[in-house]
Amino acid sequence: LEFRRVLFRSNMADFPEAGEDLIAMGVGTVEQREGPNLYPDFLLNVTVPYVSNEQCLADDWYDNLPLPFSDYMLCAGGVEGKGNCNGDSGSPLVKRTYLGDGKFHDVHVGVVSFGSTVCGGPKAPGVYGRTSTAYEWIRDVVCDDFNLNAKFCKCQDEVIKIKKKEDGCKNYVGEEK
């Protein structure tokens, strides 16, 4: 079993940018069909493009159905055969940046919320809860309620910038391990 750190961002309503590739993960159905659903034995992932909120809400998307949508959400997918499906709700959506030498950096940008009745349908992207809008709540639960020793629990108010985007702590309370 391999563990990897995933960065949570705060104050990132403009992240990701439209068209950027994101990785959706989950253990939901692998094929939409009549009868019993087929579920994988392991975590799967698919690369899907980020779709701007404006595009996601366009009249010719989602068969002109009104979406229960807010700024707390984001869309990804809308490409034939690629997307989240039944059973994926609550699974992560990450933005992966390759750093070279086989290393990469993942940023948690969303949580699977819902999608169309056609998994991975064109002009019907998956809808995700936007992680950055819940950052303070996540931090309160992880750091205060659960009293965990996560790196971001030690953040002071300052943040560093990587590629002109806010990206984590600049200063920590106590010693960094």
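We count residues from 1, following the sequence as given.
- When atom types are taken as modelled, the side chain of Asp88 and the backbone of Cys85 share a donor-acceptor pair closer than 3.5 angstrom.
- Arg130 and Tyr50 make their closest contact through NH2-OH, 3.3 Å (heavy atoms, listed as atom of the first residue, atom of the second, distance).
- Residues Leu43 and Gly26 share a closest heavy-atom pair of CD1-N, 3.4 Å.
- Residues Val27 and Tyr39 do not share a hydrophobic cluster, defined by chaining ILVMFWY side chains whose heavy atoms lie under 4.5 Å apart.
- Here the closest non-hydrogen pair linking Asn84 and Cys119 is O-CB, 3.7 Å.
- A heavy-atom distance below 4.5 Å is found between the side chains of Glu20 and Lys95.
- In terms of modelled atom types and a separation under 3.5 Å, the side chain of Ser113 and the main chain of Tyr128 share no donor-acceptor contact.
- Partners of Phe114 by side chain to side chain contact (heavy atoms under 4.5 Å, CB included), not counting sequence neighbours, listed by chain and number: Leu67, Pro68, Met73, Val127.
- Pairing each heavy atom of Leu22 with each of Ala76, the nearest pair is CD1-CB, 4.1 Å.
- Counting only heavy atoms from C-beta outward, the side chains of Phe42 and Leu44 approach each other to under 4.5 Å.
- The side-chain heavy atoms of Phe104 and Thr97, taken from C-beta on, include no pair separated by under 4.5 Å.
- The heavy-atom pair separating Pro40 from Gly28 by the smallest distance is CD-O, 3.0 Å.
- Closest heavy-atom contact between His108 and Val94: CA-CG1, 4.1 Å.
- The number of heavy atoms from other shown groups lying within 6.0 Å of CG (Asp71) does not exceed 12.
- For Glu80, there are no salt bridge (Lys or Arg N to Asp or Glu O under 4.0 Å) partners at least two apart in sequence or on another chain.
- Looking at Tyr135 and Thr131, their side chains never come closer than 4.5 Å, going by heavy atoms from C-beta outward.
- Without hydrogens or angle criteria, Gln55 side chain to Ser52 main chain gives no donor-acceptor distance under 3.5 Å.
- Residues that satisfy the salt bridge (Lys or Arg N to Asp or Glu O under 4.0 Å) test with Lys82, not counting sequence neighbours, are absent from this structure.
- In the hydrophobic clustering of this structure, Tyr72 does not group with Val111; members are Ile, Leu, Val, Met, Phe, Trp, Tyr whose side-chain heavy atoms approach within less than 4.5 Å, directly or through other members.
- Summarising the geometry, atom CG belonging to Leu38 is positioned 11.5 Å from atom CG belonging to Asn86; distances are rounded to the nearest 0.5 Å.
- Residue Val107 is not grouped with residue Leu99 when hydrophobic side chains (ILVMFWY) are merged at heavy-atom distances under 4.5 angstrom, including chains of intermediate members.
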